[in-house]
Amino acid sequence: MLFEELPSELLLEIFSYFHPSDLYGLFLPLSNTRLSYLIAHTQLSLDLTYTSYSRFSLILNHCSPSQIIFLRLSNQYSHGLLITEFFSLDGFRPEKFVRLRSLHLDDIIGNEINNLPPYLEKLYIKFHKKAKYAVKLYQLALQSKTLKQCYLIGGYAFDYKTCSDVSSTTIEHLHMAIKSFPNDLLVLIQALPSLTKLKTCIYNRSSGIRISSSFTFPLTHLNIDLQASGVNLNLLNSELLSHLPQLRSLNYHSNGKSNEHVTDLIRLSSRLKRFQFIRKGLSPNIHIADIEFNSDLVTAVQETTNNNNNNSRRSLTLHTTPYPDRILNLPFVYWSKVQNLSDNNQHTPNEEIYDRVERVRINLSESSIDSNISSCRYANHLTLVSNNETNQCVLSPEIISSLVCLSSVRHLIINTQTSLFNFNQLFALMSLHSLDIAWSQIRREFSLSNIKILSLISECVSWKEIQYLIIYLIPQLEHLQMNVTTSDECQQILNFLLSPHYQNKLISIKICICHTLSDQIKQDLEPILLSSKWIKVKWKMDNWYLYIWK
């Protein structure tokens, strides 16, 4: 009774913090006219990244697109079904989202929508690696009259010949890959007069477009990774940087450039407020610390070690464009961040580069791991591999924790059958969200209660093993991947997972099947999936996988 007496403004504020499915499930059953009216007029931030099909249906039944100001959709856990299903309904066409300002679409193919919401200001799209229609969304975004921030990650590199009529006058921040330097790059920035911040990776070199020396662009921040061979600093300076008088921040990624190139680039940086240079593949005898920098310039340098007595080349891979993942492969190399410290010009090592690493891969079969390096404190993906099962060296979790802060790890992949590792102790030090492991390596005493995503694709499993897993080991599991060997085994597993008589928290199921069994499994399961024997699900099958969105 006291809750109902709260003023409408306060109730609207409270409702804005609820996930819409919880809001509808908690308050609409009360049949309170005032609360129902307020819920129908609440501005919603809608994140459907981990939504089940039942919750998705609940939202579609009660939510109005005019309420939504922020929207995040992902195909990753619905096996490509969610985004298409969402925008295909008449009431949820993109033009209906009149208040939507920020739209995030993940794992998208590109043909899910035909136009953007009318007043969208921020667009973030991460394309599926096989995105066939990415160019369509590139055209929609780069012709927008409302977008201010645009992030088009993966799937396609901008080509002005196939992505024509670039005409947005509002885009200020842009992050996307570009096909060629300087042709596509110059066409792009000339067509976007408001662009001030650009992050890009360029793959090819073209003959070049000559432009008037008096023509300038408003770019102030540039993060550029030139993958193309033959793009030297003089070309970069003459074809682009000389037309950027307002440029104040330059992040430049280089691959195997010479000392002269480094010197020229640093000379160029004298007019910048901030400069970051990342180079890869240089020999150890190049000393970046010997070069004088302006007092406020920062340089991140990768120096590789190439020991002739060691067949394994030590390398650190830091991916920043066009994909956001940052990956560190062990064994490590040494990174140094060099900064001119005013008068005494003392160069001090800096460990911040390790804090930028998000994914770490450790080979447990290495005879020794150098632990005298900085720990990756914020790595959230950890992969443990071993290609030498006869290795008698037992690696303890303490060694791993000296390389990676285990409390920050959320995703663990164990790509090894080795028994020379205390996985139970390792799990106890983590708060894992996802796990990729063989069924034979799972033990009753493992602490797996927080796992939401589990992959068992390295070994086949039976329905009894899945039953034990769901009931006793991971009752909160939401996403499951597994292998099956027969149609009967697949049906028995789904009888347990999809039967209304058994309760579980699963949202998606991905079953890897033998190609020769694909037709048989489809023939056996399709009538049951379409009947009322199992709960209502969305599903599809290709030659190798059965996908179920539960």
Side-chain angles (χ1 to χ4, degrees), residues 21 24-25 48-63 73-93 107-109 111-113 128 130 132 452-457 460-467 469-471 477-550:
S21 61
Y24 303 142
L48 297 181
T49 303
Y50 300 104
T51 191
S52 65
Y53 182 60
S54 58
R55 294 183 68 183
F56 177 73
S57 300
L58 178 66
I59 290 171
L60 295 184
N61 289 333
H62 297 285
C63 182
L73 302 172
S74 174
N75 278 332
Q76 185 175 1
Y77 301 109
S78 63
H79 309 302
L81 296 168
L82 186 146
I83 298 178
T84 300
E85 185 91 3
F86 188 86
F87 288 115
S88 64
L89 300 175
D90 290 336
F92 286 83
R93 302 289 184 185
D107 205 43
I108 193 170
I109 299 296
N111 61 344
E112 291 88 342
I113 58 176
H128 188 274
K130 296 181 180 179
K132 299 179 181 179
K452 300 295 184 183
I453 304 172
L454 178 67
S455 176
L456 300 171
I457 60 174
C460 293
V461 292
S462 67
W463 75 272
K464 290 185 177 180
E465 291 168 337
I466 293 298
Q467 185 181 43
L469 179 79
I470 296 295
I471 295 178
L477 189 65
E478 294 181 354
H479 308 281
L480 175 62
Q481 299 184 40
M482 72 193 93
N483 286 356
V484 297
T485 55
T486 67
S487 178
D488 289 340
E489 193 69 59
C490 184
Q491 185 169 334
Q492 287 179 324
I493 289 174
L494 292 179
N495 271 331
F496 167 70
L497 295 179
L498 300 180
S499 172
H501 303 296
Y502 299 98
Q503 297 297 322
N504 59 64
K505 302 291 185 180
L506 283 175
I507 292 175
S508 71
I509 305 168
K510 181 179 179 181
I511 302 178
C512 179
I513 58 180
C514 176
H515 177 67
T516 57
L517 291 175
S518 177
D519 292 338
Q520 179 185 348
I521 289 180
K522 184 175 182 179
Q523 180 180 350
D524 293 343
L525 296 184
E526 185 169 11
I528 310 177
L529 284 165
L530 297 176
S531 71
S532 58
K533 178 180 178 180
W534 288 338
I535 59 176
K536 186 178 181 181
V537 296
K538 286 284 182 177
W539 69 284
K540 65 180 182 179
M541 178 180 286
D542 59 23
N543 289 336
W544 297 99
Y545 295 99
L546 170 64
Y547 307 96
I548 296 177
W549 182 23
K550 178 177 176 296

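Numbers here are sequence positions counted from 1.
At distances below 3.5 Å, at least one donor-acceptor pair connects side-chain atoms of Glu489 with backbone N or O atoms of Trp463. Gln520 places no side-chain N or O within 3.5 Å of a backbone atom of Leu517 that could act as its donor or acceptor partner.
Here Ile513 contributes atom CD1 and Asn543 contributes atom CG; the two are 8.0 Å apart, rounded to the nearest 0.5 Å. The CD atom of Gln492 sits 10.0 Å away from atom OG of Ser487, with the distance rounded to the nearest 0.5 Å. To the nearest 0.5 Å, the span separating NZ on Lys510 from CG on Leu480 amounts to 11.5 Å. Atom SG of Cys512 is separated from atom CH2 of Trp544 by 7.5 Å, given to the nearest 0.5 angstrom.
You'll find the side chain of Val461 stays beyond 4.5 Å of the side chain of Leu469, heavy atoms only. With contacts defined as side-chain heavy-atom distances shorter than 4.5 Å, the pair Ile470/Phe496 qualifies. You'll find the side chain of Thr51 stays beyond 4.5 Å of the side chain of Ile507, heavy atoms only. When side chains are defined from C-beta on, Val484 does not count as touching Leu546, because their heavy atoms never get closer than 4.5 Å. Residues Ile511 and Leu494 form a side-chain contact, since some pair of their non-hydrogen atoms from C-beta on lies under 4.5 Å apart. At least one side-chain heavy atom of Met482 sits under 4.5 Å from a side-chain heavy atom of Ile493.
Under the side chain to side chain donor-acceptor pair (under 3.5 Å) criterion, Asp542 pairs with Tyr547, not counting sequence neighbours. Partners of Tyr77 under the side chain to side chain donor-acceptor pair (under 3.5 Å) rule, at least two apart in sequence or in another chain, do not exist in this structure. Under the ring-ring contact (aromatic ring centres under 6.0 Å, His included) criterion, Tyr53 pairs with Trp549, not counting sequence neighbours. Under the side chain to side chain donor-acceptor pair (under 3.5 Å) criterion, Ser54 pairs with Ser52, sequence neighbours left out.
No more than 12 heavy atoms of other residues, nucleotides or ligands lie within 6.0 Å of CG in Asp519, so this atom counts as exposed by the packing criterion. Annotation: Lys522, atom NZ; neighbour count of heavy atoms from other residues, nucleotides and ligands within 6.0 Å does not exceed 12. Applying the 6.0 Å contact sphere to NZ of Lys540 captures more than 12 heavy atoms from other residues, nucleotides or ligands.
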- prompt: After noting the C-alpha distance and the side-chain angles of Ile528 and Gln491, does the key distance pass the side chain to side chain contact (heavy atoms under 4.5 Å, CB included) rule?
  reply: CA-CA 9 Å; Ile528 310 177; Gln491 185 169 334; 3.4 Å; yes
message: Before you tell me yes or no, could you show the steps for Leu498 and Ile548 under side chain to side chain contact (heavy atoms under 4.5 Å, CB included), namely the whole-Å CA-CA distance, both residues' side-chain angles and the distance that decides it to 0.1 Å?
response: CA-CA 10 Å; Leu498 300 180; Ile548 296 177; 4.1 Å; yes
field: side chain to side chain contact (heavy atoms under 4.5 Å, CB included) assessment of Asn483 paired with Leu456
entry: CA-CA 7 Å; Asn483 286 356; Leu456 300 171; over 6 Å; no
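Applying the side chain to side chain donor-acceptor pair (under 3.5 Å) test to pairs two or more places apart or on separate chains, those with a residue in residues 493-508 are His479-Ser508, Asn495-Trp534, Asn504-Lys550.
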Anything under 3.5 Å between a donor and an acceptor, one on a side chain of residues 78-92, the other on a protein residue two or more places apart or in another chain? List them.
residue	atom	partner	partner atom	Å
Ser78	OG	Leu82	N	3.0
His79	NE2	Ile509	O	3.3
Glu85	OE2	Lys538	NZ	3.4
Ser88	OG	Thr84	O	3.0
Ser88	OG	Glu85	O	3.0
Asp90	OD1	Arg93	NH2	3.2

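Nearest heavy atom pair, residue Leu58 against residue Ser21, reads CD2-O, 3.6 Å. Counting all heavy atoms, side chain and backbone alike, Glu112 lies closest to Ile109 at OE2-N, 2.9 Å.
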